[in-house]
Amino acid sequence: MEDNHHEYTQLEKNRLEKAARLREQGIEPYPHRVQRSHTSQAAIQAFEALENDEGAEAVQATLVGRIRSMRPMGKLVFAHIEDGAGRIQLFIRANDVGKEQLDLFKSEFDLGDFVEASGEVFRTRTGEISLRVNEFRILAKAITPLPAAKDEVTEEGEVVRHASLTDPETRYRQRYADLAINEEVREIFRVRAGVSRALRDFMDDRGFLEVETPILQPIYGGAAAKPFVTHHNQLKQELYLRISFELYLKRLLVGGYERVYEIGRDFRNEGVDRTHNPEFTQIEFYWAYADYNDVMRLTEEMVRYVAEQVTGGTTIEYQGNQIDLSKDWQRIELKEGLIELASIDIDEYPDAESLAAAMRAKDMKVDPKAPRGKLIDTLIGEFVEPTLIQPSFLYNYPRDISPLAKNLPGDSATVERFEGFMAGFELCNAFTELNDPIEQELRFQEMGRAYTDEDEERHPMDEDYLRAMRYGMPPNGGFGMGVDRLTMLFTDKANIREVILFPHLRSRED
RNA sequence: GGGCGCGUAGCUCAAUGGUAGAGCAGUGGCCUUUUAAGCCAUUGGUUGAAGGUUCGAGUCCUUCCGCGCUCACCA
């Protein structure tokens with residue numbers, strides 16, 4: 001690896017020289033203290049409020065922000081600065097600041113610099129509310145030019161972006177630059193924050209207690225996924241980054257809480273694609289004395305509530321599809337859905353061999369080692385999932401892929417589990433939780449047999465979880481949902497990386 | 001991991017195997033109500049990396065790196 005010394009480009013050298021020249025003039029390019037009286041939008045609103053009031057005094061303001069555009073015109077400079085609230089135009093005139101100051105601004109200030117400017121708010125001849133600057137100061141000199149974007153505001157008020165940063169690799173690796181110039185990217189993460197807040201409000205309002213459970217776990221579980229492995233030096237112990245919260249949250253029901261939830265990060269050491277990131281955010285809740293029917297109804301309410309909070313409505317457009325969240329979700333029994341869409345009645349194929357044969361008859365590639373449940377899941381992915389554009393619950397899943405779910409009464413091969421879908425992808429997963437410790441131990445053993453010892457997805461036996469359950473666990477319904485995917489729906493993004501601030505990319509020496 | 005595609009200036013993109021270019025940004029000028037400001041001039045490149053074919057490679061071949069789409073995988 002080469003040394004980490006940054007090789008400055010000519011553009012950067014220019015700006016370093018500008019910073020040096022400012023210092024020579026006794027101007028600190030990175031001062032400690034800042035004055036600010038208004039945000040850009042507050043100044044504009046204050047002006048608008050008093051504009052038609054003849055007797056009102058002019059609005060004096062000290063504003064701060066980053067220079068996003070500059071139009072020098074001889075003895076006058078127009079510039080836009082951008083702060084957290086928006087943009088406002090600066091009007092800097094030799095008459096107001098003096099020729100020396102104007103020249104200083106024109107020669108040493110660049111796009112991307114943070115500045116402070118004071119003056120009176122007014123409206124220019126063309127009607128734009130602006131700050132007539134009589135004093136300004138640099139707050140932070142930018143050395144690297146932002147990957148320049150020029151915005152054109154049409155007469156309809158539409159913003160047309162010219163030559164912005166669009167290369168996805170650079171956008172993700174240098175998210176700070178992406179955010180700095182692409183306002184709509186900043187908006188994505190405001191929506192994301194709104195989704196988290198709405199989820200918390202929803203759960204809190206219904207008496208669910210927000211808790212935090214271990215991320216570093218001696219035994220991973222609650223899902224079938226490969227974990228990340230790490231090591232505690234002093235304890236000389238292997239630890240896993242959690243793949244789900246489930247087993248810890250249900251221990252809390254044993255402890256006496258009736259309703260708990262957690263929003264946090266899961267880690268799965270698996271493939272990366274447009275709906276999978278190695279770390280992702282989940283919400284899980286466990287609800288004592290509820291079953292999966294109750295959980296379905298709560299899910300409908302929850303997603304509708306989040307939509308209302310985040311978008312103001314109950315209809316969303318996702319990748320060209322209108323999705324209606326105002327109504328109850330479609331309920332499709334898994335078996336019926338497969339008969340209808342795959343023309344396969346799974347009851348006629350009670351074992352993996354016969355089902356695999358039926359699938360091969362449909363020209364499907366079939367993993368010869370796959371257990372029956374996994375084959376059924378393949379059928380769902382192939383025939384059912386892509387058709388579920390409107391919100392839908394697929395319910396009653398095969399027992400052998402659901403070791404933590406309770407049997408359907410009178411049906412030992414099926415469990416009370418559902419998955420929620422919309423826009424053609426899986427959004428959530430829930431079941432009536434298994435709370436019989438003897439049955440649970442049996443299920444763990446079955447899972448152990450379903451996978452070979454080397455298989456990293458093999459379900460490890462969690463003895464402590466069984467011990468907890470033996471103390472008595474109330475009947476309960478549990479639920480998990482990907483917050484990233486939910487955010488994708490509300491931001492109309494097809495790639496999970498668009499809704500993760502710093503998505504994982506392969507390391508690169510650059 | 002497989003298939004397909006992409007990688008050229010700070011950004012967005014051109015360039016039949018034949019002198020690497022444009023717009024924006026930058027730099028130097030002109031310009032006191034502009035807003036993709038305008039006008040004149042001008043700097044800027046190890047064409048992702050390394051090999052190879054060729055008189056000659058951004059272009060063709062091989063390998064590698066990275067990204068995208070897709071398939072597989074992911075209860």
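Here the structure is a predicted model, which is why all the values come from computation and not from measurement. Chain A is the first sequence line, chain B the second, and so forth, proteins listed ahead of strands; every chain is numbered from 1. Computation of the quantities below employed the complete heavy-atom set of this structure, encompassing side-chain atoms and omitting hydrogens, waters and symmetry-equivalent molecules.
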Quiz item: Between B:U33 atom P and A:N95 atom CG, what is the distance in whole Å?
Solution: 11 Å
Quiz item: Taking 4.0 angstrom as the limit, do A:K335 and A:D347 come out as a salt bridge?
Solution: yes
Quiz item: Would you call A:E439 and A:K406 a salt bridge, using N to O less than 4.0 angstrom?
Solution: no
Quiz prompt | Partner nucleotide of B:G5 by Watson-Crick or wobble geometry (both distances under 3.5 Å) | solution = B:C67
Quiz item: When rounded to the nearest Å, what value does the distance between C1' atoms of B:C24 and B:G38 take?
Solution: 15 Å
Quiz item: Touch check for A:T275, heavy atoms < 4.0 angstrom, all strands: base, sugar-phosphate only, or nothing?
Solution: nothing
Quiz item: Can you find a donor-acceptor N/O pair under 3.5 angstrom joining the side chain of A:R125 to the base of B:U33?
Solution: no
Self-check item: Set of ring pair (Phe, Tyr, Trp, His ring centres under 6.0 Å) partners for A:F122, sequence neighbours left out
Solution: A:F91
Quiz item: Please give, in whole Å, the distance from B:G68 P to A:Y172 OH?
Solution: 7 Å
Quiz item: So does A:R173 get a side-chain nitrogen or oxygen closer than 4.0 Å to the phosphate oxygens (OP1/OP2) of B:C67?
Solution: yes
Quiz item: Rounding to the closest angstrom, what is the interatomic distance between B:U43 and B:G18 at atom P?
Solution: 25 Å
Distance-only donor-acceptor pairs under 3.5 Å for side chains of residues 375-383 of chain A, two or more places apart:
residue	atom	partner	partner atom	Å
A:T378	OG1	A:K374	O	2.9

Quiz item: What residues in residues 76-85 of chain A put a non-hydrogen atom under 4.0 Å from any atom of RNA chain B?
Solution: A:L76, A:F78, A:H80
Quiz item: When you compare B:G1 with B:A72, how far apart are their C1' atoms, in angstrom units rounded to a whole number?
Solution: 8 Å
Quiz item: Touch check for A:Y397, heavy atoms < 4.0 angstrom, all strands: base, sugar-phosphate only, or nothing?
Solution: nothing
Quiz item: Roughly how far apart, to the nearest Å, are B:C64 and B:G3 at atom P?
Solution: 11 Å
Self-check item: Salt bridge flag under 4.0 Å for residues A:R87 and A:E82
Solution: yes
Quiz item: So what does A:P72 hit on the nucleic acid, given a heavy-atom distance under 4.0 Å: a base, only sugar-phosphate, or nothing?
Solution: base
Quiz item: Could you give the CD1-to-P distance, from A:I88 to B:U35, as a whole number of Å?
Solution: 19 Å
Quiz item: Just to confirm, is there a sub-4.0 Å distance from OP1 or OP2 of B:A37 to any side-chain nitrogen or oxygen of A:R71?
Solution: yes
Exercise. Rounded to whole angstrom, note down the P distance from B:G28 over to B:C67.
Key: 39 Å
Quiz prompt | Partner residues of A:Y261 under the ring pair (Phe, Tyr, Trp, His ring centres under 6.0 Å) criterion, sequence neighbours left out | solution = none
Quiz item: Considering only the P atoms, how many Å lie between B:A14 and B:C60, rounded to the nearest integer?
Solution: 15 Å
Quiz item: Rounded to whole angstrom units, what separation is found between the CD atom of A:E7 and the C1' atom of B:U46?
Solution: 12 Å
Exercise. Tell me the partner of B:A75, counting only Watson-Crick (N1-N3 plus N6-O4 or O6-N4) or G-U wobble (N1-O2 and O6-N3) with both under 3.5 Å; none if nothing fits.
Key: none
Quiz item: If you look at every strand shown and take non-hydrogen atoms under 4.0 Å, does A:D167 touch a base, only sugar-phosphate, or nothing?
Solution: sugar-phosphate
Quiz item: Which whole number of Å gives the distance between the C1' atom of B:C65 and that of B:G26?
Solution: 31 Å
Protein and nucleotides 26-28 of chain B: nitrogen or oxygen contacts under 3.5 angstrom:
residue	atom	partner	partner atom	Å
B:G26	O2'	A:N14	ND2	2.8
B:U27	OP1	A:K18	NZ	2.4

Quiz item: Does one side chain, of A:Y172 or A:E498, offer a donor that lies under 3.5 Å from an acceptor on the other?
Solution: yes
Quiz item: Partner of B:U34 by Watson-Crick or G-U wobble geometry, both contacts under 3.5 Å, or none?
Solution: none
Quiz item: Given B:C67, is OP1 or OP2 found less than 4.0 Å from the side-chain N or O atoms of A:R497?
Solution: no
Practice problem: Indicate, with a heavy-atom threshold strictly under 4.0 Å, whether A:L505 touches base, sugar-phosphate, or nothing. | Solution: sugar-phosphate
Quiz item: Any ion pair linking A:R173 and A:E169 (charged N to carboxylate O, less than 4.0 Å)?
Solution: yes
Quiz item: So what does A:E12 touch, heavy atoms closer than 4.0 Å: a base, only the sugar-phosphate, or nothing?
Solution: nothing
Exercise. Using a 4.0 Å heavy-atom cut-off across all strands, classify A:T124 as base, sugar-phosphate, or nothing.
Key: base
Quiz item: Taking the P atom of each, how far is B:C61 from B:U54, in whole Å?
Solution: 16 Å
Exercise. Pick base, sugar-phosphate or nothing for A:N429, based on heavy-atom distances below 4.0 Å to the nucleic acid.
Key: nothing
Quiz item: Side chain of A:T126, base of B:U34: donor and acceptor closer than 3.5 Å?
Solution: yes
Quiz prompt | Protein-nucleotide distance (A:L102, atom CG; B:C31, atom C1'), rounded to Å | solution = 12 Å
Quiz prompt | Nucleotide forming a Watson-Crick or wobble pair with B:U54, both distances under 3.5 Å | solution = none
Quiz item: Under a 4.5 Å cut-off applied to non-hydrogen side-chain atoms, are A:L111 and A:R68 in contact?
Solution: no
Practice problem: Can you sort out the partners of A:F105 under ring pair (Phe, Tyr, Trp, His ring centres under 6.0 Å), two or more places apart, ordered by chain and number? | Solution: A:F109, A:F136
Quiz item: Quick one: is A:K13 getting a side-chain N or O under 4.0 Å of the B:G44 phosphate, OP1 or OP2?
Solution: no
Quiz item: Is there a Watson-Crick or G-U wobble partner for B:G26 with both distances under 3.5 Å, and if so, which one is it?
Solution: B:U42
Self-check item: Along RNA chain B (nearest heavy atom to each residue), the more 5'-positioned of A:A94 and A:D377
Solution: A:A94
Quiz item: Do the charged groups of A:K99 and A:D103 touch, with an N to O distance under 4.0 Å?
Solution: yes
Quiz item: Counting only side-chain N and O atoms of A:R506, is one of them less than 4.0 Å from OP1 or OP2 of B:C67?
Solution: yes
Quiz item: Do A:R71 and A:Q89 meet the criterion of a side-chain donor-acceptor pair at a distance under 3.5 Å?
Solution: yes
Quiz item: If you pin A:V272 and A:H504 to their nearest nucleotides in RNA chain B, which one's is more 5'?
Solution: A:H504
